[in-house]
Amino acid sequence: MSENNEELNPPDLENALKEMCNLLSKTNDAHFIYDFFGCLFTPAELNDFAKRWLLVREIDKGTTQREIAKKFHISLCKITRGSRELKKDASAFRKLLDYADKLE
């Protein structure tokens, strides 16, 4: 990094993420959020982002980790992480899955 550019510190990054989350929570426009993600992430990052949600849905359905790895070409490490996150008390994954179930 050049001398004129300062590294962002973790609190700055966390505040930026919280700001985006807060702003997105104020809109109920799924098309806008989709477009925003398209601006924010590269196509490869969007692909990874979507795969992580798909793997959590598959774990929730009871699909084995090996089946998920084969189906979505995802490492067992990422799947295990998703599984651990889903099992945590007050899991954000669990809350969003439950919310999705109520909407269906």
Side-chain angles (χ1 to χ4, degrees):
M1 196 155 242
S2 73
E3 293 176 24
N4 295 333
N5 293 328
E6 292 182 26
E7 291 267 345
L8 289 174
N9 61 44
D12 290 338
L13 296 172
E14 185 173 345
N15 287 337
L17 184 57
K18 286 180 178 180
E19 178 184 29
M20 285 187 293
C21 291
N22 185 45
L23 291 168
L24 289 172
S25 75
K26 305 283 188 227
T27 179
N28 63 353
D29 185 343
H31 294 290
F32 167 73
I33 295 169
Y34 182 87
D35 289 344
F36 177 74
F37 284 169
C39 294
L40 187 64
F41 299 115
T42 66
E45 290 167 334
L46 279 171
N47 186 38
D48 287 345
F49 192 61
K51 278 184 179 181
R52 288 180 185 204
W53 179 243
L54 288 173
L55 81 86
V56 170
R57 282 190 157 277
E58 289 294 323
I59 291 167
D60 190 50
K61 286 189 220 175
T63 306
T64 69
Q65 290 190 16
R66 293 202 184 278
E67 289 172 322
I68 295 168
K70 185 177 179 181
K71 183 175 183 178
F72 297 116
H73 307 285
I74 301 173
S75 72
L76 287 173
C77 181
K78 285 182 184 173
I79 298 165
T80 299
R81 182 178 181 276
S83 180
R84 276 195 314 264
E85 289 295 324
L86 189 56
K87 291 176 185 174
K88 286 182 178 178
D89 291 338
S91 165
F93 281 155
R94 169 58 45 219
K95 288 178 184 177
L96 197 56
L97 285 166
D98 291 346
Y99 184 71
D101 288 346
K102 289 178 186 176
L103 295 177
E104 291 177 351

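The two atoms that bring S91 and E85 nearest to each other are OG-O, 2.9 Å, heavy atoms only. Between T27 and D29, the shortest heavy-atom distance links the atoms OG1-N, 3.0 Å. Closest of all the heavy-atom pairs between I59 and S83 is CD1-N, 3.6 Å. The heavy-atom pair separating F72 from K51 by the smallest distance is O-NZ, 3.0 Å.
F37 has its side chain within reach of L24: a pair of non-hydrogen atoms, C-beta onward, lies under 4.5 Å apart. Annotation: side chain of E104 is in contact with side chain of D101 (closest heavy-atom distance under 4.5 Å). L55 has its side chain out of reach of K71: every pair of non-hydrogen atoms, C-beta onward, lies at least 4.5 Å apart.
Within the 3.5 Å criterion, the main-chain N or O of P11 finds a donor-acceptor partner in the side chain of N15. For the pair E45 (side chain) and T42 (backbone), a donor-acceptor distance under 3.5 Å is present. Listed for the T63 side chain is no donor-acceptor partner under 3.5 Å among the backbone atoms of I68. Looking only at distances, a side-chain donor or acceptor of T80 sits under 3.5 Å from a matching main-chain atom of L76.
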Go through the steps to decide whether K88 and F93 satisfy the test side chain to side chain contact (heavy atoms under 4.5 Å, CB included), and finish with yes or no. CA-CA 9 Å; K88 286 182 178 178; F93 281 155; over 6 Å; no

Between K18 and N22, is a side chain to side chain contact (heavy atoms under 4.5 Å, CB included) present by the stated rule, with each step listed? CA-CA 6 Å; K18 286 180 178 180; N22 185 45; over 6 Å; no

Given W53 and R57, is the side chain to side chain contact (heavy atoms under 4.5 Å, CB included) satisfied, shown in steps? CA-CA 6 Å; W53 179 243; R57 282 190 157 277; 3.2 Å; yes

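The existence of a salt bridge linking R94 and D98 is confirmed by a sub-4.0 Å separation between a basic side-chain nitrogen and an acidic carboxylate oxygen. Note on E58 versus K61: salt bridge recorded, some NZ/NE/NH1/NH2 to OD/OE distance being below 4.0 Å.
In this structure, L46 CG and L40 CG are separated by 8.5 Å, a value rounded to the nearest 0.5 Å. With rounding to the nearest 0.5 Å, the separation of CD in E14 from SG in C21 is 10.0 Å. To the nearest 0.5 Å, atom CG of residue L97 and atom CG of residue L86 are 6.0 Å apart.
Both L17 and F49 belong to a single network of hydrophobic side chains, linked directly or stepwise wherever heavy atoms of I, L, V, M, F, W or Y lie under 4.5 Å apart. Using a 4.5 Å cut-off between side-chain heavy atoms of Ile, Leu, Val, Met, Phe, Trp and Tyr, with links allowed through other members, M20 and L96 fall into different hydrophobic clusters.
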